[in-house]
Every structure is written in C-alpha cells, then in structure tokens.
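The figures here come from the full heavy-atom set of this structure, side chains too, leaving out hydrogens, waters and symmetry mates. Owing to the predicted nature of the structure, the values given are computational and were not obtained by experimental measurement. The first residue in the sequence is number 1, and the count goes up from there.
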Amino acid sequence: MHAAEFFSTYGNSSAAPWSGNSNYVANEAALFAALHDLYGDAHRPLRPMPSYKEELTSRLLSERVRTYLETGVNTGESLMLGRDLALAIGVDPAPKVPPGIFDKPPFRLVAKPSDDFFLETFSGDGPDFTLDLAFIDGLHVFEYALRDVIGCEALAAPGCEVLVHDVLPRRGAEAARHRFSRAWTGDVWRVPMVLRHFRPDLTVRLSESAPTGLAVISGLDSRNTVLMEQYDEVVAYGLGLSILDFMQDRDAHVAAV
Ligand SMILES: C[S@@+](CC[C@H](N)C(=O)[O-])C[C@H]1O[C@@H](n2cnc3c(N)ncnc32)[C@H](O)[C@@H]1O
C-alpha cells in the first residue's frame, strides 16, 4: 500500500476525543479516586531523568540531524529548537505561536491536522524532503499517534529516529482516551507496545524522561509497509491492551528493548 492511499483511507478515521485545554476537572484528586476501578489510581512517578526537551535538544544539536518534523506545535517551544536546521516542519491544526516567527526557512508551519499534512505530502509528486528526526506530540490518542509514526517512517532518511512523547503515564486515569485531567498522556502508551509486537525489526526504547516518558524508535525503513497493510489488526491489538496491566508492568516495559 502506498502512503497516499493509506492516509486517504484511514486519515482522521477514528473519533477524536481531543478536548483542548478547557474542560478538565478542577479537583483531580476526587476524579482519580472516582476512576479507581476503571484505570487504577496508584500514582507512580517516573525516576528522575533528563526532560524530553533535553533529549530532543541533544539530538537536534547533533551533526546527523538536518531535517525535522514535529506533530503538535502548540506554542512552538519545541519547534523553535530546530532553528539551526536545514528544514524544521511543524504541524498543528491550532498552533498558538507568536505571529511571524515560523514564517521563514528553515521553518514550515502547517496549520492542519497531521493526517491532512501526510495525505498532501504523499499525494501528487510526493515529498520533497526526507526526515532525520521526528517528534510526535500531537493528538494524544493511540490511532492518531500511530498514524503519525507511520507517516514519519514513510519519510524517514536512513538513520532517522522518531520520538513519541507521553508514552509513560504516571497513573491510569491520566492515560484515558478522553481528557479528564490537567496532565494528559492519553493512550499513546499503546504505540510502543504495538510496534514491539508487529515490528520486531525496529528498536523501541522507552525513556523515563520527565514528565511522562519518551519512546525512541530507530531502525526505521521508508519502504516498510507492514503497519499500513496491517493497520486494522494493529489498531485492534493496541486497543485490546489493558492500561491496568501496562501500569503494573511499566518497569518491565521500560527495561525491555
Ligand atoms: C502537548 S501540545 C504540543 C507541545 C509542544 N510539542 C511542546 O513540547 O512544546 C499538543 C498539540 O497538538 C495539537 N494537535 C491536536 N490535534 C492534532 C492533530 N490531529 N495533528 C497535529 N497536532 C494536533 C494541539 O493543537 C496542541 O497544540
């Protein structure tokens, strides 16, 4: 399957419970207590590690990285780290960036959902760039983050790394598919789990970077279409995983590579 066909079939295909920053509840403690049976309530902070921004910055400063894509720009804090690259693309349907700062090269700011960006990129003459690094931090819902990985892999230059933010929730309720809480990882934690299952050829490392973990994916191959071909099965497998089991085994998942 070609990437354009994949994104035209599956892009924006799952319900998007993204609720912006406005409707989380004020009393998180009461909320977490109420959600105990569904999600477990043990609060398990990560070990103190460098933050995700430090992990991102060290890569963006390396000689190897010249081109970068980020899904989920928000205020542009992390996209700005790419200012010395040859190309730094930011994709976000509702960026909250100060006017003017991402208008010039190396930046390309695309104010669209990432599925639309990928569909357009792979349509027509196809992409005019490859990626050395990508950071996925857009819609915190499993299928969306998974499709972001799929799109980035199809654009990957040899040696490309894809970083996925928010893969280690500190408590089950923080990982709900609908946003209840101020700090929200959503169920992006399913992404590294499905990659390890369906793509044993990839290296998927889980870093306990503050505040909510980072997956570092390497060994990507732009010609590999397994995730596109088996997308329905991959999604069904991922949605079948239990957050309670994941939280219980979180240390083992971090230790496994
Ligand atoms: C957590 S913020 C990103 C923070 C930023 N990467 C940083 O570290 O400073 C998540 C962003 O994802 C954006 N978003 C929501 N749905 C998206 C989608 N379908 N594609 C890309 N971005 C999306 C939101 O508008 C929001 O700005």
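- Using cut-offs of 30° and 60° on the angle between ring planes, the pair Y231 and F6 is perpendicular.
- V162 and L214 are members of different hydrophobic clusters when ILVMFWY side chains are connected at heavy-atom separations under 4.5 Å.
- Distance CD/E77 to CG/L56: 11.0 Å, rounded to 0.5 Å.
- At distances below 3.5 Å, not a single donor-acceptor pair connects side-chain atoms of W189 with backbone N or O atoms of F142.
- Residues F246 and L241 form no side-chain contact, since every pair of their non-hydrogen atoms from C-beta on lies 4.5 Å or further apart.
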Check the pair K53, S78 against side-chain contact (heavy atoms from CB on, under 4.5 Å), reporting the backbone distance first and the verdict last.
CA-CA 7 Å; K53 267 192 189 135; S78 48; 4.1 Å; yes

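- Contact of the F129 side chain with the L69 side chain is not registered, since no non-hydrogen atoms from C-beta on lie closer than 4.5 Å.
- T67 places none of its side-chain heavy atoms less than 4.5 Å from the side chain of L133.
- Between S218 and E161 there is a side-chain heavy-atom pair separated by less than 4.5 Å.
- Under the ring pair (Phe, Tyr, Trp, His ring centres under 6.0 Å) criterion, F122 pairs with no residue, sequence neighbours left out.
- Within the 3.5 Å criterion, the main-chain N or O of M228 finds no donor-acceptor partner in the side chain of T225.
- In terms of heavy atoms, R170 sits closest to R250 at CA-NH1, 3.7 Å.
- In the hydrophobic clustering of this structure, F107 groups with V73; members are Ile, Leu, Val, Met, Phe, Trp, Tyr whose side-chain heavy atoms approach within less than 4.5 Å, directly or through other members.
- There is no path of hydrophobic side-chain contacts, each under 4.5 Å, that joins F135 to L146.
- Linking Ile, Leu, Val, Met, Phe, Trp and Tyr residues whenever their side-chain heavy atoms come within less than 4.5 Å places V167 and V204 in a single cluster.
- By the ring pair (Phe, Tyr, Trp, His ring centres under 6.0 Å) test, F118 is found to be paired with F7, residues two or more places apart in sequence or in another chain being considered.
- The closest donor-acceptor contact from the side chain of D132 to the backbone of R66 lies under 3.5 Å.
- Of the possible polar contacts, one joining the R64 side chain to the G159 backbone as a donor-acceptor pair under 3.5 Å is found.
- Ion pairing of E153 with R199 is present here, as a side-chain N (NZ or NE/NH1/NH2) and a carboxylate O approach within less than 4.0 Å.
- A distance-only check finds no donor-acceptor pair linking the side chain of Q230 to the backbone of L227 [under 3.5 Å].
- Between D137 and T71, every side-chain heavy-atom pair lies at or beyond the 4.5 Å cut-off.
- Under the 4.5 Å side-chain criterion, counting only non-hydrogen atoms from C-beta, R205 is not in contact with P192.
- Of the possible polar contacts, none joining the R108 side chain to the I89 backbone as a donor-acceptor pair under 3.5 Å is found.
- Considering only heavy atoms from C-beta on, L239 comes within 4.5 Å of R177 through its side chain.
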side-chain contact (heavy atoms from CB on, under 4.5 Å) between R190 and V188, intermediate numbers included:
CA-CA 5 Å; R190 297 179 204 274; V188 180; over 6 Å; no

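- Legend: residues meeting side-chain hydrogen bond (donor to acceptor under 3.5 Å, both in side chains) with S209, ordered by chain and number and at least two apart, are E55, S207.
- Evaluation of the side chain to side chain contact (heavy atoms under 4.5 Å, CB included) rule for T185 yields D166, P169, E174, A175, T212 as partners, not counting sequence neighbours.
- Using modelled atom types and a 3.5 Å distance limit, the side chains of E70 and Y68 yield a donor-acceptor pair.
- H140 approaches G138 most closely through the heavy-atom pair CD2-O, 2.9 Å.
- Between the side chains of D116 and N12, a donor-acceptor pair is found at a separation under 3.5 Å.
- Nearest heavy-atom pair, G82 versus L60, reported as atom, atom and distance to 0.1 Å: N-CD1, 4.2 Å.
- Note on L81 and L87: separate hydrophobic clusters, where clusters join Ile, Leu, Val, Met, Phe, Trp and Tyr whose side-chain heavy atoms are under 4.5 Å apart, directly or indirectly.
- Side chain of D92 to backbone of N74: a donor-acceptor contact under 3.5 angstrom is found.
- Counting only heavy atoms from C-beta outward, the side chains of D115 and Y10 never approach each other to under 4.5 Å.
- Between A134 and C152, the shortest heavy-atom contact is CB-SG, 3.6 Å.
- Distance check: S114 OG to D148 CG gives 3.5 Å after rounding to the nearest 0.5 Å.
- Atoms CG and CG, on L109 and D103 in that order, are 8.0 Å from each other to the nearest 0.5 Å.
- The side-chain hydrogen bond (donor to acceptor under 3.5 Å, both in side chains) check on R196 picks up nothing, with sequence neighbours excluded.
- When each of L163, L195, T203 is tested with I217 by the rule side-chain contact (heavy atoms from CB on, under 4.5 Å), just one qualifies, namely L195.
- Residue Q248 qualifies as open at atom CD: its count of foreign heavy atoms under 6.0 Å is 12 or below.
- Aromatic ring pairs are classed by plane angle as parallel below 30°, tilted from 30° to 60° and perpendicular above 60°; the pair F198 and Y237 is perpendicular.
- Not counting sequence neighbours, H2 has no partner by the ring pair (Phe, Tyr, Trp, His ring centres under 6.0 Å) test.
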